[in-house]
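Here's the structure, in structure tokens; my notes come after.
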2 protein chains.
Amino acid sequence: MDRRVKKSIAALKEALISLMVEKEFREITISEIVQRADLNRGTFYKHFQYKEDLFNDVIDDVMNDLIESYQAPYKTIEVLDIERLQSSTIRIFHHVENHRTFYQMILRPTALSGFQNRLGTVIKQLSLEDLLVGSDDKAINKDLLASYHAYSILGMIIQWVQDEFKNTPEYMAEQLVKIIHYRPIGVTVPKK
Amino acid sequence: MDRRVKKSIAALKEALISLMVEKEFREITISEIVQRADLNRGTFYKHFQYKEDLFNDVIDDVMNDLIESYQAPYKTIEVLDIERLQSSTIRIFHHVENHRTFYQMILRPTALSGFQNRLGTVIKQLSLEDLLVGSDDKAINKDLLASYHAYSILGMIIQWVQDEFKNTPEYMAEQLVKIIHYRPIGVTVPKK
DNA sequence: ATACTTAATGAACACTTGTTTGTTAACTTT
DNA sequence: AAAGTTAACAAACAAGTGTTCATTAAGTAT
């Protein structure tokens with residue numbers, strides 16, 4: 001890859017990130033980005049169509065790091081006991097902490113992903129009111145459980161939509177009940 | 001509320017929805033919206049700042065319907081047995097089907113919520129590779145389970161961010177394990 | 001029915017966007 | 001080191017954005 005391209009794209013990413021710390025993505029203009037990156041506006045359009053595309057490149061970097069940190073435990077462990085999956089092997093939360101500023105930027109309620117956050121928040125509220133009434137396990141953080149539950153339902157809906165509504169709503173409801181009552185089985189699987 | 005306002009906003013919502021069926025939200029201009037709504041551009045800016053704000057109004061309508069359909073079962077049932085929560089009481093999937101076009105529009109992978117979808121997809125992929133290895137329950141749809149699992153983790157991360165990283169990553173990982181092993185308790189709670 | 005309030009309009013403004021075109025200069029390949 | 005390639009640049013364009021302001025007319029309240 002041409003060194004000029006690498007430098008330009010790196011400068012654009014840098015500029016976008018530093019702007020996103022200061023203001024909403026919505027309000028950042030391409031002119032501002034190139035101004036901060038000290039590049040010509042045409043250079044931006046040579047590589048990207050929208051600022052969203054540039055942002056996707058930034059996301060790519062973080063996602064690659066996530067994939068690495070998720071797979072990291074398996075590199076040292078020869079066999080994986082699913083039932084006894086220790087919380088220490090779950091590295092994803094460390095990854096998030098390492099990219100703290102990024103995730104804060106990305107997931108703040110007002111930000112980008114308007115609809116999914118809204119839907120998630122609504123379901124979470126409903127969960128808090130209802131499904132948690134019977135729970136008395138003091139060791140479990142209620143807010144975390146509600147958010148877990150809310151977004152898991154969102155996940156099922158997204159999968160359903162991606163499957164083009166092939167299943168019936170009744171099937172979906174049944175699956176939800178089954179998954180909630182499901183537990184991973186304690187088998188030991190040899191690595192790869 | 002002034003009848004003119006109600007009519008204008010309704011026309012703008014209508015116009016936006018019909019445009020969103022045809023093309024990406026990104027590519028819809030405010031000029032197009034008012035043109036289709038047969039209104040002056042200034043009228044749009046009287047009520048909204050960005051097209052995102054108008055879109056939020058559309059979302060509000062659907063969310064209100066969701067809240068209703070979620071709470072509907074409890075209106076007829078006097079007591080609620082959490083353990084025996086029948087799938088038939090879970091109305092949320094019917095709500096989604098009733099707004100099929102809307103959800104398809106909103107949740108298609110290329111659309112709006114870039115980052116969360118990306119994050120969800122990555123975690124789902126990783127889940128499919130790993131956590132499902134030991135599962136042999138033929139009654140559970142693997143893709144649904146993976147998506148459920150992926151977005152539930154996303155939900156925990158979002159909650160963590162909203163709590164301003166008060167907890168440690170180790171705590172988060174422990175909570176995840178606890179929640180996965182958690183089951184709702186079979187208590188019967190009197191309605192309100 | 002009349003007076004008031006204010007939504008909707010049209011025109012105008014500086015600015016950003018997305019695109020194109022020719023020129024300059026940096027990089028790669030031989 | 002020279003030749004060929006192409007990124008970065010500057011300038012210019014139509015179209016959209018976000019804002020303001022005076023004018024018209026629809027709606028509300030008395």
Side-chain angles (χ1 to χ4, degrees), chain A residues 1-61 105-106 108 110-115, chain B residues 1-61 105-106 108 110-115:
Chain A
M1 199 193 213
D2 197 310
R3 254 157 55 221
R4 289 169 297 179
V5 177
K6 237 194 287 186
K7 279 182 188 173
S8 294
I9 291 183
L12 289 169
K13 281 186 200 169
E14 268 303 310
L16 176 58
I17 292 171
S18 86
L19 280 166
M20 284 186 72
V21 174
E22 295 167 24
K23 52 161 97 174
E24 285 284 323
F25 184 77
R26 202 17 285 212
E27 287 159 344
I28 297 169
T29 69
I30 289 167
S31 301
E32 273 179 311
I33 297 171
V34 294
Q35 195 182 329
R36 189 163 297 202
D38 192 27
L39 288 171
N40 188 274
R41 203 159 56 85
T43 304
F44 176 93
Y45 285 107
K46 180 141 235 160
H47 301 294
F48 308 100
Q49 193 175 9
Y50 312 120
K51 56 182 175 169
E52 280 81 0
D53 298 328
L54 169 59
F55 185 54
N56 273 332
D57 266 32
V58 174
I59 293 177
D60 275 336
D61 296 342
M105 220 164 65
I106 288 302
R108 62 178 165 220
T110 53
L112 294 160
S113 48
F115 174 68
Chain B
M1 197 194 216
D2 198 310
R3 253 153 63 219
R4 288 170 296 179
V5 177
K6 234 193 289 185
K7 279 184 188 173
S8 294
I9 290 183
L12 288 170
K13 281 185 201 171
E14 268 302 311
L16 176 59
I17 292 170
S18 86
L19 280 165
M20 284 185 73
V21 175
E22 294 166 25
K23 51 163 97 174
E24 284 285 322
F25 184 77
R26 221 340 313 202
E27 288 160 344
I28 297 169
T29 69
I30 291 168
S31 301
E32 273 179 312
I33 297 171
V34 293
Q35 194 182 331
R36 189 164 298 201
D38 193 26
L39 289 171
N40 188 275
R41 203 159 58 86
T43 304
F44 176 92
Y45 286 106
K46 179 140 235 158
H47 302 294
F48 307 100
Q49 193 175 8
Y50 312 119
K51 57 180 175 170
E52 279 81 0
D53 298 328
L54 168 60
F55 185 53
N56 272 332
D57 266 32
V58 174
I59 293 177
D60 275 336
D61 296 341
M105 219 165 64
I106 289 302
R108 62 179 164 219
T110 53
L112 294 161
S113 49
F115 174 68

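Just so it is clear, the values below take in all heavy atoms, side chains as well, and ignore hydrogens, waters and symmetry mates.
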Provide, to the nearest angstrom, the distance between the [atom1] atom belonging to [X] and the [atom2] atom belonging to [N].
| X | N | atom1 | atom2 | result |
| --- | --- | --- | --- | --- |
| A:Asp2 | C:dT28 | CG | C1' | 8 Å |
| B:Phe44 | D:dT19 | CZ | P | 11 Å |
| B:Leu54 | D:dG18 | CG | P | 13 Å |
| B:Glu52 | D:dT17 | CD | C1' | 13 Å |
| B:Ile9 | D:dG27 | CD1 | P | 15 Å |
| A:Arg3 | D:dT6 | CZ | P | 17 Å |
| A:Leu19 | C:dT16 | CG | P | 13 Å |
| A:Tyr45 | D:dC13 | OH | P | 18 Å |

- Decide yes or no, distance alone: a donor-acceptor N/O pair under 3.5 angstrom between the base of D:dA8 and the side-chain of A:Arg4.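 In this structure, the two groups form no donor-acceptor pair.
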
All N/O contacts under 3.5 Å from nucleotides 9-11 of chain D to the protein, with atom names and distances to one decimal?
from   : atom 1 : to      : atom 2 : distance (Å)
D:dC9  : OP2    : A:Asn40 : N      : 2.7
D:dC9  : OP2    : A:Thr43 : OG1    : 2.7
D:dA10 : OP2    : A:Asn40 : ND2    : 3.3
D:dA10 : N7     : A:Asn40 : ND2    : 3.4

Should [X] and [Y] count as side-chain neighbours, where that means a heavy-atom distance under 4.5 Å?
| X | Y | answer |
| --- | --- | --- |
| A:Val58 | A:Met105 | no |
| A:Val34 | A:Thr43 | no |
| B:Glu22 | B:Glu32 | no |
| B:Phe48 | B:Asn56 | no |

- B:Ser31 side chain near D:dT17 phosphate (N/O to OP1/OP2, under 4.0 Å): yes

- Query: Can a side chain N or O of A:His47 be found less than 4.0 Å away from OP1 or OP2 on D:dA7?
  - Reply: no

- Task: Specify the residue among B:Thr29 and B:Met1 whose closest nucleotide of DNA chain D lies further upstream toward the 5′ end.
- Result: B:Thr29

- Heavy-atom donor-acceptor pair, B:Lys51 side chain to B:Arg26 backbone, under 3.5 Å: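 Here the side-chain-to-backbone pair exists.
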
- Message: Test your reading of the model: is there a side-chain donor-acceptor pair from B:Asp57 to the backbone of B:Leu54, 3.5 Å cut-off?
- Response: no

- Task: For the pair A:Phe25 and A:Glu52, evaluate side-chain contact (heavy atoms from CB on, under 4.5 Å) and give the outcome as yes or no after the intermediate values.
- Result: CA-CA 9 Å; A:Phe25 184 77; A:Glu52 280 81 0; 3.7 Å; yes

